[in-house]
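Numbers restart at 1 for each chain; the letters A, B, ... are given by sequence-line order, proteins then strands.
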There are 2 protein chains.
Amino acid sequence: MISDNLKKVYIFSGLNDDEIDRIASIVKLKTFNKGDNIFFDTEPYLGFYITTAGLVKIYKISKDGREHILHIIAPPNTFAEVPLFENFGEEFEETYRYPANAMALEDDTHVILVPARKFRQLLESDTKICIKLVSGFARRLRHLNHHIEELTLKDVTKRVAGYLIKEIAEPEKGQTHSEISLAISKNDLAAYLGTIPETLSRTLKKLQDEGYIEVDGRKIVIKDAAGLRAAAM
Amino acid sequence: MISDNLKKVYIFSGLNDDEIDRIASIVKLKTFNKGDNIFFDTEPYLGFYITTAGLVKIYKISKDGREHILHIIAPPNTFAEVPLFENFGEEFEETYRYPANAMALEDDTHVILVPARKFRQLLESDTKICIKLVSGFARRLRHLNHHIEELTLKDVTKRVAGYLIKEIAEPEKGQTHSEISLAISKNDLAAYLGTIPETLSRTLKKLQDEGYIEVDGRKIVIKDAAGLRAAAM
DNA sequence: CGTAACCTTGATTAAGATCAATTCTCGTGG
DNA sequence: CCACGAGAATTGATCTTAATCAAGGTTACG
């Protein structure tokens, strides 16, 4: 049921059934397999997306083929909302493009497409969704700020250590567990951390040799969280 | 007059005099000299700021003292709005911090402080400001996306060339003029472009030797815009 | 089993940071 | 008006990090 999925999405929480149904009536469901591109940054902007299952990466490619991952989107979350606000207030234009590429990282990745034109009409009459959207944007801005800080002010070792530290922190439970199972491939992790697979591999080995972690494929056990935290600073 | 300044600010455009006055009544004016810090990322969050004169840099410092500039804020613009939306809906907490440092880059930099607590109340009742805020955030997200793309996928030469190209583009007039007068010091420009002054200096010289530009202090003349554009890709 | 995608390891290279030393610029006070 | 000094910018020499290039090894899956 579409409505049930929509209710779980951050920006729609707090809406009543009627409002949810209104949104459900304008959306389209899509399913992708691992490696499928959901959109390219060259395509005209149709609307934003919501993940309901699977995993999505948002990434850019340089002219010579290098890739950098900006976000990993796990359900239930939205992506590609930014172009909704190109010249908000004026007529929506057909010439807007997606700001980056999006690819499914797992088979059976389900997404919901919310068409821009119709959603914009709805948005202008609904202040609740608007506040949710600002909050979501604020969260994303914080993430990008942090991401830039990591990329520009820290070396690869610090970035890798910092990523692992963030992975074991479970903010809701207030507790940490010491084993990580990487959700994404090491190739993708390297592209997210602003490096290449070879360097990531060497860095993980170094952190292992120093006794902070133990690596076994995608499973990483944290042996010394305090030391790792210090290595990330 | 405060109200006149407020009207010029993006997120408040479209508000009527009454609404502007309501905001004017809760703000505080401040003036800073070149080099003065407006806030540090260690300070408790009081509210967001609006520049009305001068120039402000938003930056981060690494543990070993390296600096990276995230944004250069020119009037009339807002900055540090993101923490407004920490857990929006719940009670505003006193423990929030500014997400980065801010410093005035010119003498007589005027800013307006809009206190968080009062503004949040106002925001919940006013959908127009909310939409403006989302739009402003969207613009900033686009900027950060672009910034990350530049930093991670391009070398210093491409970043410098790209910056110059962006400087000569005057979107409103649809025309380009070929002379740039840098608004910020080369030290700051280096920190913004993710490099250091020495490397920036060498890169500008290289671009000059290749015939694309002519550098004379803060004045840079574009001799070959097409070539420079190609060098930025 | 066989093949392709993923990951690791080693040797080499290159971009840009660091270190050190001048030079340039400009505001201030004698 | 000139001299001084501080901050800004440049230049050269060297070093470090991480990318590149090349070759195997592992894993997963049809």
Between P on dT18(C) and CD on E67(B), what's the gap in Å once rounded to a whole number? 13 Å
Contact residues, residues 150-159 of chain B to DNA chain C [heavy atom, < 4.0 Å]: D155(B), V156(B)
If the condition is ring-ring contact (aromatic ring centres under 6.0 Å, His included), which residues does F137(A) pass it with, not counting sequence neighbours? F85(A)
Non-neighbouring partners of T95(A) that pass side chain to side chain donor-acceptor pair (under 3.5 Å), sequence neighbours left out: E93(A)
Atom pair distance, as rounded to whole Å: CD1 in I196(A) and C1' in dT12(C): 13 Å
So what does G35(B) hit on the nucleic acid, given a heavy-atom distance under 4.0 Å: a base, only sugar-phosphate, or nothing? nothing
Go through the steps to decide whether K158(A) and D155(A) satisfy the test salt bridge (Lys or Arg N to Asp or Glu O under 4.0 Å), and finish with yes or no. CA-CA 6 Å; K158(A) 291 185 172 64; D155(A) 59 29; 3.8 Å; yes
Which parts of nucleotides 6-11 of chain D does protein reach within less than 4.0 Å, heavy atoms only, written one letter per nucleotide 5' to 3' as B for base, S for sugar-phosphate only and - for none? ---SSB
Kindly calculate the angle separating the two end axes of the helix from dC1(C)-dG30(D) to dG30(C)-dC1(D), each obtained from five base pairs, and round it to 10 degrees. 40°
Please report the distance, rounded to the nearest Å, between NE2 in H68(B) and C1' in dA17(C). 16 Å
Counterpart residues, side chain to side chain donor-acceptor pair (under 3.5 Å), relative to T203(A) (two or more places apart): none
Determine which pairs satisfy salt bridge (charged side-chain N to carboxylate O under 4.0 Å, His left out) with at least one residue from residues 38-47 of chain A, sequence neighbours left out, and list them in order. D41(A)-K60(A)
Going by ring-ring contact (aromatic ring centres under 6.0 Å, His included), name the residues that satisfy it together with H143(A), two or more places apart in sequence or in a different chain. H71(A), H147(A)
Please enumerate all residues that pass ring-ring contact (aromatic ring centres under 6.0 Å, His included) together with Y96(A), with sequence neighbours excluded. F92(A)
Pairs: protein N or O with nucleotides 24-30 of chain D N or O, under 3.5 Å:
none

Listed by chain and number, what are the side chain to side chain donor-acceptor pair (under 3.5 Å) partners of K186(A), not counting sequence neighbours? none
Check this for me: does any side-chain nitrogen of one of E81(B) and R140(B) sit under 4.0 Å from a carboxylate oxygen of the other? yes
Which residues pass the ring-ring contact (aromatic ring centres under 6.0 Å, His included) test with Y212(A), not counting sequence neighbours? none
